[in-house]
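What follows is a short report on a single structure.
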Amino acid sequence: MSYAEEIDEQGIEGYLARYGNREMLRLLTCGSVDDGKSTLIGRLLYDSQMVFDDVLAATQKASDRFGTTGDDLDLALLVDGLQAEREQGITIDVAYRYFATDKRKFVIADTPGHVQYTRNMATGASNCDLAVILIDARHGVLEQTHRHSFICSLLGIQHFVVAINKMDLVDWSEDRFEEIRSAYSEFAARLNVRDIHFIPMSALKGDNVVRRSDQMPWFQGAPLLDHLENVHLASDRNLVDLRLPVQNVVRPDLNFRGYAGTLASGVIRVGDQIAVLPSGKQSKVKSIVTFDGPLQEAFAPMAVTVTLTDEIDISRGDTIVAPNNAPDLANAIEAMVVWFDGAPLRAGSRYLIKHTTAQTAATVTDLRYRINVGSLHREPAPELVMNEVGRIRLECARPLAADAYSKNRGTGSFILIDRLTNATVGAGMVVERKIAKDAISRRGTSADAGSNVRLHGKRQITPEDRKARLGQEPFVLWITGLPRAGKSSLAYGLEKVLFDQQHHVQVIDGEILRLGLNRDLGFSGADRWENQRRAAELARLNLSQGVSTIVALVSPMAFERQEAKKLVDSPNFFEVFCDAPLATCEERDQDGLYARARAGEIANVTGVDAPYEAPKAPDLRLDTAAQPVAANIDQVVTFLRNRKLVR
Amino acid sequence: MNKYALSHLQQLEQESIHIMREVAAEFERPVMLYSIGKDSGVMLRLAQKAFAPARIPFKVLHVNTTWKFREMIEFRDRLVKELDLDFEEWINQEGVAQGIGPFTHGTQKHTHVMKTEALKQALNAGQYDAAFGGARRDEEKSRAKERIFSFRDRFHQWDPKNQRPELWNLFNCRVNKGESIRVFPLSNWTELDVWLYVHRENLPMVPLYFAKERPVVRRNGTLIMVDDDRMPLEPGEQPQMKMVRFRTLGCYPLTGAIESTADTVPKIIEEMLRSRDSERQGRVIDFDEGGSMEDKKREGYF
């Protein structure tokens, strides 16, 4: 129905009310120069009456000059924009077209099919819901069809329409259509695409684009526009995982402090408990503020401003999440990357990474392989050149709150920027979590559960048997505090007292770990976390053996301590805070750690140039500045005795 | 629509807000170019929404060619006061000194000096590293390929072959000293979307958009409104009162009126939907060869 008919029928007010509620569909068209892509788009615009008379007249003028369709209007010229490309007869960039029907507003990203323009396709695909893959019925599935389909699937497009075009040139043959359909289906089995739809058409003649074809009565499906109007999109969005990357801190006056951002996924409600990454600090949503008034809830992709009940330090680049559903906080990222730059990507190269609203330095530590975009084979490669796709590992200077791209487009995507030229050199999609985190998720299926009895088929001795044999209820004390706060003194003193009481206990501190088990780790953010993770794993193994563990590690980040607790997964995990002011710790600086940090000789020293987040609610807080060690030990023993864990 | 879905207008609105917030966060000296027209009006509303409850955190700049409709300037001054904008007007004083005007120097020269050059002067003077513009991709074919963040070199020039790829909503905001970015937060809006939004938000608009009896003369098939006595009448030419309105607003001698009776926003939308002509049809400067807008843009025209 045309606009005019619609208005006649409903009156303008009725029309406005209806139009205001239309959905938007973004689609990508891909095909090579000769597949008839521009003609298809021109046909969609023309047949859905989106072309104005003056534009049509100008196009007719151009058609007479450049046209390739004889006396007929060359619809392709409706969309081919820049002078240079018009003369060359090719599309050289991504162009966006807009049209609307009574069901939806459409944004078409028109991208070229040339081999050297992978980057434009990736760009166009990044925001699209649906891809129209054009195939010339005469030529069938070509390597470029593979290439286009792969890039669309790589960029996460879930809906494909395979438009088998130029059916008029193969006598509207059903056999030819079926042949191409099965060839494509066989190939597409290797892609990760939910919904693939095939339509035989002739864009030139207008068959099955907007109007159903009279030439192909054997085709029962809907024409393209019909399909575009009705394809189901609602379930494509992630409304489960709350991710609100903070764009700006809004502070109009002293009484208001809001955090503005666009929800990448999930729903946020007033009263929700939230955590902020990377700090791990928690608070509650006090209000959701908009220009149009407060909201009780907001969902992706809304752009909102939230206020919290606590004054916590949040800045641009942080992410607001649900405490029980937080993404990985990773320095190391595994990702697929599409390379855009003339200078190739190699292992060892350094870039800026922009991920959500965070920006930090990143080093490519590994180029694992290149994907041959035509054959989809993985190939070893020393470098990625422009328009190649490969898998890399990145090490970032700051941990990023990243999700896998397949789960979350917003928090799984990033761009790489050259620090000198400022060019956008690559686009990345996170494929896997940080290796350490991966180990945690594998744990769900592992046989070694701590106090939670998860028996493996082969195991004949349960943790209960071991507890009975040793005659004790094992526990884990996780001692945190600044360097020189007295953690190790406490741990070893305590070990002696407990040992004397016949309690089986082991101390794990930084020295023990670093000298042996963790000799392979450095002091980067990722390695520090891995150091803690292994400590937590050891404590968990000890628990299952009936043995108690005292972990003494700086463990500066609240979020990471929380992760350690999750990993141990036992009610007998206790966080003990050695509370001593920084000044006191610096006075006790026998080995000159602080002094060297202050002199700038070493970096990343907690308390000096790396943050320490004191526990807000530790299970036990010890004053290790004013109290002697013996008193602290007594306090811990009393704590354990009250819980009937020691005598 | 289900409860957790946005209409297309809402979606466009949220995306534009996101863009504005990115620019405000990452650039040192952003500025919003305000042309008084409907797109600018929408852009201002979006800026209010992006930063509420705070004030719009950047300057709003109007490049005045001195040939704007009088009603536009009145409207502008009122709005600046109402919204408490941090406002600046720029006029190319060299052009004024030389007496540049569309009647004496022709449309091309006038546009070049009073608009393109004036804009460059203003951006240089303010050392702005990002400038918001209200251009939309549906306005003209060459704009269909324009990025949302359009990179300009030290001479404000646009190189269509050397633009940064734009993926997801991750915008590369880095520029070297002297370079700048033009930002088009309404890129994905169409003329229809703009009017629907004006309607939804009940935005004030310059009265010239609404049909009224106005004095016009017909020149080269275009209805030009006689807005002040700087307009020389040709022998035998007599302004006639006609029911007209404007689909776009610019310099009055360069902006053609259309005959219309649409005097409310819904009527304008209805007229637009029934119309068979595009909005740029009324713009005198676009009437040259097909690629004229592209050539102007390369020079630094918005």
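All figures in this text were calculated on a predicted structure; none of them were measured in a lab. Just so it is clear: chains get the letters A, B, ... in the order the sequence lines come, proteins before strands, and each one is counted from 1.
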Which residue out of [options] racks up the most heavy-atom pairs below 4.5 Å with chain A?
options: Glu15(B), Arg21(B), Gln48(B); value: Arg21(B)
options: Pro53(B), Ala50(B), Ala24(B), Ala52(B); value: Pro53(B)
options: Asn188(B), Leu9(B), Asn176(B), Leu196(B); value: Asn188(B)

Side-chain donor-acceptor pair present, Tyr351(A), Arg419(A), cut-off under 3.5 Å
no
We want to know whether Thr262(A) and Gln14(B) form a side-chain donor-acceptor pair, criterion being a heavy-atom distance below 3.5 angstrom.
no
With chain B, which of [options] has the greatest number of heavy-atom pairs at distances under 4.5 Å?
options: Pro252(A), Ala109(A), Ser126(A); result: Ser126(A)
options: Gln247(A), Met24(A), Glu13(A); result: Gln247(A)
options: Arg104(A), Arg409(A), Arg251(A), Gln359(A); result: Gln359(A)

Engaged part of His199(B) at the chain A interface, taking heavy atoms whose separation is under 4.5 Å
side chain
Where does [X] contact chain B at under 4.5 Å (heavy atoms): side chain, backbone, both or neither?
X: Val267(A); value: side chain
X: Phe299(A); value: side chain
X: Leu352(A); value: side chain
X: Ala423(A); value: backbone
X: Ile108(A); value: neither

Find the distance between CZ (Phe51(B)) and CD1 (Ile17(B)) and round it off to the nearest 0.5 Å.
9.5 Å
Pairs where residues 291-301 of chain A contributes a residue and the test salt bridge (charged side-chain N to carboxylate O under 4.0 Å, His left out) is met, not counting sequence neighbours:
Arg269(A)-Glu297(A), Asp292(A)-Lys49(B), Glu297(A)-Lys3(B)
Less than 4.0 angstrom from a charged side-chain N to a carboxylate O is my criterion; do Lys354(A) and Glu22(B) meet it?
yes
Name the orientation class of the two ring planes belonging to Phe171(B) and His18(B) (parallel below 30°, tilted from 30 to 60°, perpendicular beyond 60°).
tilted
In short, Thr111(A) meets Asn120(A) closest at the heavy-atom pair CG2-O, 3.5 Å
In short, Phe184(B) meets Ser150(B) closest at the heavy-atom pair CE1-CB, 3.8 Å
